[in-house]
*Asks:* 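Have a look at the structure that comes next, please.
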Amino acid sequence: MRLLLALTLLASLGCSKGQNFGIGATQNQYAASVLRNNKVDILWVVDESQSMTTRKSTLTAQIPALLDGFDQMRMDYHLAVTTMSLSGTNPTGGKFIGTPKYLTNSSANVRGEIADRILMDKVGSSAERAMDSVKKVLSPSYLAGEGAGFLRPDSILVIVVVSDEDDTTASVTDMKNFFNGIRPKSSNGEQNWFLNYIGSIPGGTPICYANEALGTVVFGYKYIDLADYSGGISANVCDTSLALAVSNIRSRIIQILTDYPLRQIPKIDTISVSVNGVKIPNNSTNGWTYVPATNVVRFHGSSIPAADARVEVNFTPASAS
């Protein structure tokens with residue numbers, strides 16, 4: 001489904017060359033309906049070590065709530081799972097697990113299928129090479145073959161890393177360059193990819209990480225760095241329930257896809273927003289707020305528009321006399 005957006009500026013301001021709605025824009029005309037898709041491609045990167053068995057069960061219990069939220073917003077999603085194991089007998093890293101290789105919102109039993117792939121009980125390599133695995137499955141050669149169809153050119157790319165240790169090989173700089181290369185920023189400066197980390201984080205309590213019995217803990221600093229850089233979420237895998245972590249990831253995805261970029265800097269007190277003809281209040285609970293850093297209108301709570309909602313934003317540009 002697509003998010004139907006309509007931008008109307010004051011008639012006295014004349015025409016413009018059009019509004020840029022970021023990576024999802026499929027039509028781009030001034031004072032006309034603009035179609036923005038609601039596509040998100042989510043890659044789960046899972047640690048197969050035995051210490052993660054219970055943690056993965058806790059995570060998959062939250063999958064229905066995650067997908068229910070997406071379905072309620074009528075989002076178009078692809079889901080794929082890979083692991084961090086690139087060595088040993090029959091490694092499961094560097095490829096998508098299962099058949100078909102990815103799932104969609106129209107797949108039969110999508111909630112059960114994605115949980116089964118995350119929960120896979122094979123014990124993999126102790127050398128967690130998550131980022132090397134990601135680079136393989138998102139490479140042009142893999143996406144032209146076995147992984148064909150997963151990554152769409154106009155989607156938001158979301159990576160969710162689930163591990164109680166850090167990546168052992170790739171550098172943060174290399175991964176930033178890799179992701180920015182396949183998903184450059186939108187014209188308004190927003191990321192079109194972001195990484196989330198559910199794992200070992202400093203200050204997380206209680207500690208349940210793989211090496212705690214040995215008196216050492218390997219925090220996932222590389223993943224945390226990538227999450228901070230891209231605007232993603234870092235959460236403690238030891239939490240009794242990962243409901244908050246999954247809810248935060250879902251909220252961030254929906255936020256990126258429903259942020260409404262403005263072509264010009266507005267006079268903030270002149271902004272008026274409506275969804276399906278109903279005026280929306282300016283508040284951060286169940287309304288809209290303006291984000292100067294990226295020049296977008298952001299929706300909150302019950303005012304977040306679904307994929308087929310009609311959004312109208314009126315304002316006077318700051319440059320107007």
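Since this is a predicted model, take the numbers as computed values, not measurements. Sequential numbering from 1 along the given sequence is applied to the chain's residues.
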*Asks:* Would you indicate whether Lys136, at its atom NZ, is surrounded by more than 12 heavy atoms from other residues, nucleotides or ligands within a distance under 6.0 Å?
*Replies:*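 Counting neighbours around NZ of Lys136, 12 or fewer heavy atoms of other residues, nucleotides or ligands fall under 6.0 Å, so no.
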*Asks:* Is the closest side-chain heavy-atom distance between Asn248 and Arg252 below 4.5 Å?
*Replies:*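 Not touching, per the 4.5 Å side-chain cut-off.
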*Asks:* Which atom names give the shortest non-hydrogen contact between Arg250 and Ala65, and what distance separates them?
*Replies:*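 The pair with the smallest heavy-atom distance is NH1-O, 3.3 Å.
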*Asks:* Between the side chains of Asp47 and Arg55, is the shortest nitrogen-to-carboxylate-oxygen separation below 4.0 Å, so that they form an ion pair?
*Replies:*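 Looking at Arg55 and Asp47, the cut-off is not met.
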*Asks:* For Ala309, does its backbone N or O pair with a side-chain atom of Asn276 as donor and acceptor, under 3.5 Å?
*Replies:*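 Answer holds: no.
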*Asks:* Taking the ring of Tyr142 and the ring of Phe96, is the distance between their centroids below 6.0 Å?
*Replies:*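 Yes - the distance between ring centres of Phe96 and Tyr142 falls below the 6.0 Å cut-off.
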*Asks:* Are Val161 and Leu244 connected in the hydrophobic side-chain network, where two residues link if heavy atoms are under 4.5 Å apart?
*Replies:*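 Different clusters.
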*Asks:* Is the shortest heavy-atom distance from the side chain of Lys101 to the side chain of Lys95 under 4.5 Å?
*Replies:*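 Not touching, per the 4.5 Å side-chain cut-off.
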*Asks:* So, does Asp41 use its side chain to make a donor-acceptor pair with the main chain of Arg152 at under 3.5 Å?
*Replies:*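 Here the side-chain-to-backbone pair exists.
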*Asks:* Considering all heavy atoms of both residues, which atom of Arg183 and which atom of Leu157 are nearest to each other, and what is their separation?
*Replies:*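 That closest heavy-atom pairing would be CG-CB, 4.0 Å.
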*Asks:* For Tyr102, enumerate each residue passing the ring-ring contact (aromatic ring centres under 6.0 Å, His included) test, keeping only those at least two apart in sequence or located in another chain.
*Replies:*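 Testing Tyr102 for ring-ring contact (aromatic ring centres under 6.0 Å, His included), a comparison that skips the adjacent residues, returns His78.
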*Asks:* For the backbone of Pro184 and the side chain of Asn192, can you confirm whether one donor and one acceptor N or O come within less than 3.5 Å of each other?
*Replies:*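 Such a contact is found between Asn192 side chain and Pro184 backbone.
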*Asks:* Just so I know, are the side chains of Met73 and Ile304 near enough to count as touching, which here means a heavy-atom distance under 4.5 Å?
*Replies:*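 Yes - at least one pair of side-chain heavy atoms lies under 4.5 Å apart.
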*Asks:* Are Glu113 and Ser107 side-chain neighbours, meaning at least one heavy-atom pair lies under 4.5 Å?
*Replies:*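 Answer no - side chains too far apart.
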*Asks:* Are any non-hydrogen side-chain atoms of Ser155 and Tyr77 less than 4.5 angstrom apart?
*Replies:*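 Ser155 does not reach Tyr77 side chain to side chain.
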*Asks:* Is there a donor-acceptor pair closer than 3.5 Å between any side-chain N or O of Ser133 and the backbone N or O of Thr83?
*Replies:*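 Yes, Ser133 side chain to Thr83 backbone: donor-acceptor pair under 3.5 Å.
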*Asks:* What distance do Asn38 atom CG and Thr258 atom OG1 have between them, rounded to the nearest 0.5 Å?
*Replies:*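 Output value for this atom pair is 8.0 Å.
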*Asks:* Quick check: do Val81 and Leu79 have side-chain heavy atoms less than 4.5 Å from each other?
*Replies:*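 Answer no - side chains too far apart.
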*Asks:* Below 4.5 Å, heavy atoms only, C-beta onward: do Thr92 and Glu48 meet side chain to side chain?
*Replies:*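 They are in contact (side-chain heavy atoms under 4.5 Å apart), so the answer is yes.
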*Asks:* Does the side chain of Ser247 come within less than 4.5 Å of Gln62's, by heavy atoms?
*Replies:*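 No; the side chains remain at least 4.5 Å from each other.
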*Asks:* Using a cut-off of 6.0 Å, state whether more than 12 heavy atoms not belonging to Gln72 lie near its atom CD.
*Replies:*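 Not buried by this count: 12 neighbours or fewer within 6.0 Å.
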